[in-house]
Amino acid sequence: MREDRDLEQEVLAKKVIIHSDNDAPLKLGANDAVCSMDVAYTEDCAFVSCDIINGKTGEWVNTFVTIHELPTTPYESGYFAYYEGPLLVACLEYLNKQIKLKPSLVIVDGHGLAHPRKFGIACWLGLQIDTPTIGCAKKPLVPYLDNLGGAKGSLSPMLLDDEVVGVALRSNKNVKPIFISPGHLISLDSTIYLIKKFHGEYRIFEPIRRADQAVRKASRGEEGDFELIS
DNA sequence: GCGACAG
DNA sequence: ATCTTGTCGC
């Protein structure tokens, strides 16, 4: 009964497309929307945020928050996509209908390839929406080489049976690393390049940080720099 | 064997 | 994820 989902993840993982670092990098222009998403939960509903930045300049465009019913599937490490994934899809579908939003890249709070079966939530979402995705997590799920330098920008590979499936990134001086990995339709090099490019000045990737602030405020009934859609 | 385990 | 204040340090 856990074998089923493992098998399903292994099957779906084969459909995931990770570009080679030798392939052309993902190019983003001023008209490309880069969306970073997060979710907050209350006792009776879930709030999903979608933070949009300009794909060329990285400047903030807008942050939307949508409200949904709580997931019925319980959260389990390794099966995060079954819990939170459908909420992300629902939010994006809603924004597609309401404002014709079509993301060129989606960055999620969780892992992509850097997952025991190479199928983190970023991979799952990428397949669902047929769009490039990146996973950007605060804790590792697979081992990483413990040789990270202390300087901002230092990297060390995350390994799954000798295969590099992501990197630990020292996102700022003297802070714990964050963990990034490609989800779908992107290479590891492009993943690292884009995360560094849009990262900002704190430990957490700035657009994800904004998305987090937006949903937690919205879930508490507070106002902020976001549009609550309902 | 025991605990830890993305959010 | 969520329950939660001040405080030390860069």
Side-chain angles (χ1 to χ4, degrees), chain A residues 2 5-6 8-9 12-13 16 35-51 65-92 106-128 133-144 146 150-152 157-160 165-184 191 195 200-205 207-222:
Chain A
R2 185 160 101 186
R5 291 195 301 180
D6 285 4
E8 182 183 44
Q9 289 186 328
L12 290 176
V16 170
C35 298
S36 298
M37 307 185 71
D38 195 24
V39 182
Y41 303 90
T42 65
E43 282 192 352
D44 42 46
C45 61
F47 292 77
V48 183
S49 61
C50 179
D51 177 276
V65 175
T66 55
I67 307 179
H68 308 262
E69 293 188 345
L70 286 173
T72 52
T73 312
Y75 165 76
E76 288 176 63
S77 176
Y79 308 92
F80 186 38
Y82 294 91
Y83 181 71
E84 195 162 282
L87 291 169
L88 303 180
V89 172
C91 173
L92 290 173
V106 179
I107 298 160
V108 304
D109 197 357
H111 295 287
L113 256 201
H115 173 278
R117 289 165 297 282
K118 301 195 343 184
F119 199 65
I121 188 170
C123 302
W124 182 91
L125 180 65
L127 286 182
Q128 291 292 312
T133 57
I134 288 173
C136 183
K138 297 178 277 300
K139 296 175 186 172
L141 203 45
V142 303
Y144 64 100
D146 191 24
K152 174 170 183 170
M158 299 180 78
L159 301 170
L160 190 65
V165 290
V167 294
L169 166 66
R170 188 82 70 191
S171 55
N172 206 343
K173 191 180 180 180
N174 297 328
V175 298
K176 293 187 297 182
I178 60 173
F179 305 88
I180 61 181
S181 56
H184 187 46
T191 295
I195 292 295
E201 54 183 325
Y202 301 108
R203 181 173 91 102
I204 303 302
F205 183 66
I208 288 284
R209 190 170 164 274
R210 260 195 317 261
D212 179 67
Q213 291 181 336
V215 274
R216 57 189 294 162
K217 279 188 179 178
S219 70
R220 295 174 180 182
E222 300 169 10

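Worth saying up front: this structure is predicted, and the values here are computed from it rather than measured. A note on names: the letters A, B, ... follow the listed sequences, proteins ahead of strands, and every chain is numbered from 1.
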K.L.:
Under 4.0 Å, heavy atoms only, any strand: does A:A114 hit a base, just the sugar-phosphate, or nothing?
P.N.:
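It contacts nothing in the nucleic acid.
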K.L.:
Mind calculating the distance between CG (A:D38) and C1' (B:dG7) to the nearest angstrom?
P.N.:
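It is 8 Å, rounded to the nearest whole Å.
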K.L.:
Test of understanding: with side chain to side chain donor-acceptor pair (under 3.5 Å), list the residues that count as partners of A:Y144, not counting sequence neighbours.
P.N.:
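If we apply the side chain to side chain donor-acceptor pair (under 3.5 Å) test to A:Y144, skipping adjacent residues, there are no hits.
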K.L.:
Among residues 69-77 of chain A, which ones have heavy-atom contacts with DNA chain B below 4.0 Å?
P.N.:
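Of all residues in residues 69-77 of chain A, the ones placing a heavy atom under 4.0 Å from DNA chain B are A:Y75, A:S77.
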K.L.:
Ignoring backbone atoms, establish whether A:K138 has a side-chain N or O less than 4.0 Å from OP1 or OP2 of B:dG7.
P.N.:
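Yes, A:K138 has a side-chain N/O under 4.0 Å of OP1/OP2 on B:dG7.
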K.L.:
Under the ring pair (Phe, Tyr, Trp, His ring centres under 6.0 Å) rule, collect the residues that match up with A:Y79, sequence neighbours excluded.
P.N.:
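Scan of A:Y79 (ring pair (Phe, Tyr, Trp, His ring centres under 6.0 Å), adjacent residues dropped) gives none.
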K.L.:
Does anyone know the first and last nucleotide of DNA chain C in reach of chain A, 5' to 3', at under 4.0 angstrom to a heavy atom?
P.N.:
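The contact span of chain A on DNA chain C goes from C:dA1 to C:dT2.
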K.L.:
Does the ring centre of A:Y75 sit less than 6.0 Å away from the ring centre of A:Y41?
P.N.:
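No, they do not, as the ring centres are separated by 6.0 Å or more.
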K.L.:
Under 4.5 Å between any side-chain heavy atoms of A:W124 and A:L88, yes or no?
P.N.:
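When only atoms from C-beta onward are counted, A:L88 and A:W124 do not touch, as no gap falls below 4.5 Å.
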K.L.:
Run the ring pair (Phe, Tyr, Trp, His ring centres under 6.0 Å) test against A:F205 and tell me which residues pass, sequence neighbours left out.
P.N.:
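By the ring pair (Phe, Tyr, Trp, His ring centres under 6.0 Å) rule, A:F205 matches no residue at all.
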K.L.:
Taking ring pair (Phe, Tyr, Trp, His ring centres under 6.0 Å) as the definition, give me every residue that meets it alongside A:F47, ordered by chain and number, with sequence neighbours left out.
P.N.:
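None.
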K.L.:
Measure the CD1-SG distance between A:I134 and A:C123 for me, rounded to the nearest 0.5 Å.
P.N.:
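It is 11.5 Å, given to the nearest 0.5 Å.
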K.L.:
Give, for atom CZ of A:R203 and atom CD1 of A:I178, the distance between the pair rounded to the nearest 0.5 Å.
P.N.:
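A:R203 CZ to A:I178 CD1: 7.5 Å, rounded to 0.5 Å.
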K.L.:
Taking DNA chain B as the partner, which of residues 115-123 of chain A come within under 4.0 angstrom of it by heavy atom?
P.N.:
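Contacting residues: A:H115, A:G120, A:I121.
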K.L.:
Reading DNA chain B 5' to 3', what string of ( ), [ ], | and . shows its pairs, if Watson-Crick and G-U wobble pairs count only when both distances fall under 3.5 Å?
P.N.:
.......
K.L.:
Kindly express the pairing pattern of DNA chain C in dot-bracket notation, using | wherever a base pairs with another strand and counting only Watson-Crick or G-U pairs under 3.5 Å.
P.N.:
..........
K.L.:
Report the residues that fulfil salt bridge (Lys or Arg N to Asp or Glu O under 4.0 Å) with A:E76, sequence neighbours left out, ordered by chain and then residue number.
P.N.:
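A:E76 satisfies salt bridge (Lys or Arg N to Asp or Glu O under 4.0 Å) with A:R5 once adjacent residues are dropped.
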K.L.:
Who are the side chain to side chain contact (heavy atoms under 4.5 Å, CB included) partners of A:Q213, not counting sequence neighbours?
P.N.:
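In terms of side chain to side chain contact (heavy atoms under 4.5 Å, CB included), with neighbours along the sequence ignored, A:Q213 is linked to A:R209.
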K.L.:
Of all residues at least two apart in sequence or in a different chain, which pass the side chain to side chain donor-acceptor pair (under 3.5 Å) check with A:Q128?
P.N.:
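Once residues adjacent in sequence are excluded, A:Q128 has no partner under the side chain to side chain donor-acceptor pair (under 3.5 Å) criterion.
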K.L.:
Between P on B:dG7 and CG on A:L141, what's the gap in Å once rounded to a whole number?
P.N.:
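To the nearest whole Å, that distance equals 9 Å.
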